[in-house]
Colleague: 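Submitted below is the structure of interest, expressed as structure tokens.
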Protein chains: 2
Amino acid sequence: MLTSSEENYIKALFYLQQKASKGVSTSSLAQRLDTKPSSATDMLQKLSEKGLVDYVKYKGALLSTDGYQLAAHVVRKHRLWEVFLVKTLGFSWDQVHDIAEQLEHVHAPLLVEKLDAFLGHPRRDPHGDPIPDKNGQIHQVEKALLSTQQNDQESILVSIKDANDDFLKYLNQKNISLGAFIKVIALEPFDGSMTVEVNHETHYFSSTITNNLYVQSL
Amino acid sequence: MLTSSEENYIKALFYLQQKASKGVSTSSLAQRLDTKPSSATDMLQKLSEKGLVDYVKYKGALLSTDGYQLAAHVVRKHRLWEVFLVKTLGFSWDQVHDIAEQLEHVHAPLLVEKLDAFLGHPRRDPHGDPIPDKNGQIHQVEKALLSTQQNDQESILVSIKDANDDFLKYLNQKNISLGAFIKVIALEPFDGSMTVEVNHETHYFSSTITNNLYVQSL
DNA sequence: ATATTATTTTAGATGAAACTAAAAATTTAT
DNA sequence: ATAAATTTTTAGTTTCATCTAAAATAATAT
Ligand SMILES: [Mn+2]
Ligand SMILES: [Mn+2]
Ligand SMILES: [Mn+2]
Ligand SMILES: [Mn+2]
């Protein structure tokens with residue numbers, strides 16, 4: 001069985017290696033986990049010993065098949081617990097990440113399956129991220145950043161790229177949640193900012209915002 | 001904030017000091033936590049430093065007011081999670097202890113209160129043990145061991161003294177659960193064994209059994 | 001191509017939580 | 001009241017996860 005720390009590392013690798021097709025660097029791993037590169041090196045060596053990570057000194061690391069499987073399972077737990085916290089206990093989507101960060105480390109296979117069944121086998125978490133199935137399979141959905149949408153394009157908000165609490169609170173304040181109807185009214189090529197209509201209310205979004213919202217075109 | 005290990009120790013002290021009115025010995029503490037007396041000594045010194053335990057070398061330990069408060073809160077979490085596992089997720093009462101043993105260490109004050117509300121503020125866990133309230137208060141209920149009951153006495157099963165999984169499975173097998181109607185049919189003074197009627201079925205209980213069942217007389 | 005800069009790894013240290021073996025204190029038995 | 005047995009504490013290790021500082025390697029700039 002993995003320690004919480006090991007699980008946090010493979011989960012971080014899981015996220016980081018999605019974008020970067022090459023090996024994940026020690027520094028990016030350390031940064032994501034809010035620790036030091038030397039600590040990340042130590043852990044990569046250990047995970048490599050255990051066969052969970054393919055790691056070449058100075059070249060970065062990638063999850064092995066086993067490691068990927070385990071990471072997907074931790075992500076599954078994390079996202080199922082987030083659904084539970086929001087749907088069952090009534091937390092708002094900006095309150096659940098840190099709690100799920102702890103709950104994901106509870107080891108009890110039957111618990112995960114019972115929770116999944118109780119929640120009705122949800123396919124996405126409260127931030128629109130897909131929940132890996134029992135076998136670690138992830139069903140990605142077609143989606144695009146709002147920033148890539150053209151004038152007059154209509155779409156539905158399906159997920160948040162970086163669901164940090166501050167951004168989620170910003171959306172709360174503007175009454176914007178997943179499933180919102182979004183229409184691009186005007187595009188400012190100068191700085192990439194946008195005027196949009198969300199559920200028939202007008203908003204002005206900087207490119208930071210539009211680069212953090214995934215939508216599905218209608 | 002306490003570590004999981006510290007929480008497990010104060011919880012063990014919480015149980016052990018209920019019966020033993022004098023200081024809890026290092027060896028009993030170690031035995032309960034399946035560890036060595038030397039490890040218990042180390043931890044008692046640390047908890048004493050932190051003001052959670054009143055500890056005198058060679059004389060045993062008792063929780064301080066602060067320590068008792070914290071311990072009661074861990075017990076509260078443990079028992080609330082047990083209720084959740086049984087009532088909400090459909091686990092049986094012999095499957096939940098080890099999982100709750102992990103869940104009790106999740107630190108999120110709001111989570112506990114939301115869980116408590118979702119469950120309808122239960123007062124007892126699946127084994128009949130009282131759930132401490134927000135302030136650590138425990139509402140004990142009048143109860144007696146089945147072994148103390150007289151012939152023809154009628155009672156209701158209210159809790160299990162030592163709710164170990166094997167004993168719970170034994171009760172499952174005999175279809176006995178909390179709330180069962182129990183009537184003493186015959187008492188064998190020789191070895192303390194008993195013939196009883198539980199929900200109108202006859203059973204033969206050794207004194208080990210009757211000393212592990214708490215009932216409320218009718 | 002070499003020098004400068006940045007990244008990564010190693011070496012050595014710390015604190016938490018456990019252990020074993022030995023010493024000290026307490027309890028029990030003669 | 002001593003001696004023997006038991007319990008408890010201390011001393012010294014181990015493993016894990018982190019850190020800082022220094023050395024090694026890789027990337028970048030001149
Ligand atoms: Mn985590
Ligand atoms: Mn999420
Ligand atoms: Mn525990
Ligand atoms: Mn219980």
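Residue numbers start from 1 in every chain, and the chains themselves are labelled A, B, ... in the order their sequence lines are given, proteins ahead of strands.
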Colleague: Looking at dT9(D), dC19(D), dT9(C), which one has an atom nearest to any side-chain atom of T35(A)?
Modeller: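 From the listed options, dC19(D) comes nearest.
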Colleague: Does T41(B) reach a base, just sugar-phosphate, or nothing at all? Heavy atoms under 4.0 Å.
Modeller: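 Base contact - T41(B) has a heavy atom under 4.0 Å of at least one base atom.
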Colleague: Could you tell me whether R76(B) and D116(B) have a side-chain N and a carboxylate O separated by less than 4.0 Å?
Modeller: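 Salt bridge flag = yes for D116(B) with R76(B).
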Colleague: Could you check how far CG of L33(B) sits from P of dA18(C), rounded to whole Å?
Modeller: 8 Å
Colleague: Would one find a side-chain N or O of S39(A) under 4.0 angstrom from OP1 or OP2 of dC19(D)?
Modeller: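 Yes, S39(A) has a side-chain N/O under 4.0 Å of OP1/OP2 on dC19(D).
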Colleague: Is it the case that over 12 heavy atoms from other parts of the model lie below 6.0 angstrom from the NZ atom of K114(B)?
Modeller: yes
Colleague: Using whole Å, what does the distance between atom C1' of nucleotide dC16(D) and atom CG of L47(A) come to?
Modeller: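 That distance rounds to 13 Å.
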Colleague: I need the CE-P distance between M43(B) and dT8(D), as an integer number of Å.
Modeller: 17 Å
Colleague: May I ask you to evaluate whether S27(B) reaches the phosphate of dT6(D), defined as a side-chain N or O under 4.0 Å from OP1 or OP2?
Modeller: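 Answer is no, no contact under 4.0 Å.
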Colleague: Could you tell me how far apart L44(A) (CG) and dT18(D) (P) are, to the nearest whole angstrom?
Modeller: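 From L44(A) CG to dT18(D) P: 12 Å.
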Colleague: Measure the distance from OH on Y9(A) to P on dT18(D) and round it to the nearest whole Å.
Modeller: 5 Å
Colleague: Does a distance-only test, which skips hydrogens and angles, find a donor-acceptor pair under 3.5 Å between the side chain of S38(B) and the base of dT20(C)?
Modeller: yes
Colleague: Can you measure Y58(B) atom OH to dA24(C) atom C1' for me and round it to whole angstrom units?
Modeller: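 Distance check: Y58(B) OH to dA24(C) C1' gives 4 Å.
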